[in-house]
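Both backbone and side-chain heavy atoms feed into the values below; hydrogens, waters and symmetry mates do not.
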Amino acid sequence: YTYTIGPTYETKAEIKEIIKQGGDAVGMSTFPEYLMCKKLKIEPIIISCLTNYGAGLVKKKVRHEDVLANANKFKKNFNDLVINIIQNI
C-alpha cells in the first residue's frame, strides 16, 4: 500500500512510479491515519475500499463520479464487514 497526499487523483506518471517502487495500491488517507494511531499508541485495524484503477492502468479516464459510484456499489458489503469485525472484537 502506498499513499499520496491528495486531494487529487494520481497522474499516470505517479502511478508508473508507484508501480516501479513496488506499490500495488494507493490512497490518500489510510497510511497517514495509521501513523497518527501509532503516535497516539492506538492499535488500529486497517481496511481500505479501493474504488478506482490508477490513471493509465485502464483506458478509461479516472472520474470522480465513477469513484463515488464504486464506493456506493460496495457500501453495504463494506459496512457489513466493519460491523462483523466490531461484533467479534
Side-chain angles (χ1 to χ4, degrees):
Y1 183 89
T2 59
Y3 83 100
T4 60
I5 58 172
T8 59
Y9 297 118
E10 299 76 29
T11 65
K12 186 174 181 178
E14 288 172 318
I15 294 297
K16 282 184 174 183
E17 184 62 25
I18 287 167
I19 291 169
K20 183 178 167 184
Q21 297 296 322
D24 294 318
V26 63
M28 289 181 257
S29 61
T30 303
F31 191 71
E33 291 165 356
Y34 165 77
L35 293 176
M36 182 56 70
C37 285
K38 294 310 268 183
K39 182 177 178 179
L40 297 172
K41 298 184 179 8
I42 296 170
E43 292 297 324
I45 295 172
I46 299 171
I47 306 167
S48 292
C49 181
L50 304 178
T51 55
N52 65 284
Y53 285 100
L57 294 179
V58 294
K59 292 185 185 225
K60 191 174 180 183
K61 183 180 176 185
V62 178
R63 297 179 335 135
H64 189 63
E65 298 83 27
D66 296 331
V67 171
L68 293 176
N70 283 331
N72 194 47
K73 180 178 173 182
F74 295 103
K75 183 167 103 175
K76 180 176 179 354
N77 289 353
F78 197 82
N79 287 343
D80 290 348
L81 174 63
V82 171
I83 288 167
N84 190 328
I85 289 169
I86 291 169
Q87 289 174 338
N88 287 286
I89 291 180

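- Surrounding CG of Asn79 are more than 12 heavy atoms belonging to other residues, nucleotides or ligands, all under 6.0 Å away.
- Ile5 places none of its side-chain heavy atoms less than 4.5 Å from the side chain of Met28.
- Taking hydrophobic clusters as Ile, Leu, Val, Met, Phe, Trp and Tyr residues chained together by side-chain heavy-atom distances below 4.5 Å, Phe31 does not share a cluster with Met36.
- Cluster annotation: Ile85 and Phe78 are assigned to the same hydrophobic cluster (Ile/Leu/Val/Met/Phe/Trp/Tyr, side-chain heavy-atom contacts under 4.5 Å, transitive).
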Distance-only donor-acceptor hits, side chain of residues 38-55, under 3.5 Å, sequence neighbours excluded:
from: Lys38; atom 1: NZ; to: Glu43; atom 2: OE2; distance (Å): 3.4
from: Ser48; atom 1: OG; to: Thr30; atom 2: OG1; distance (Å): 2.9

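- Within a 6.0 Å radius of OH in Tyr9, more than 12 heavy atoms belonging to other residues, nucleotides or ligands are found.
- Considering CD1 of Ile18 and OH of Tyr3, their distance stands at 11.5 Å, rounded to 0.5 Å.
- Two residues are said to be in side-chain contact when any heavy atoms from C-beta on lie closer than 4.5 Å; Glu14 and Val26 fail this criterion.
- The heavy-atom pair separating Ile15 from Glu10 by the smallest distance is CD1-CB, 3.7 Å.
- How far NZ of Lys16 is from NZ of Lys12: 5.0 Å, rounded to the nearest 0.5 Å.
- Neither Tyr34 nor Ile89 shares a network with the other; the hydrophobic side chains, linked directly or stepwise wherever heavy atoms of I, L, V, M, F, W or Y lie under 4.5 Å apart, form separate groups for each.
- Judged by distance alone, the side chain of Thr2 and the main-chain N or O of Gly27 form no donor-acceptor pair under 3.5 Å.
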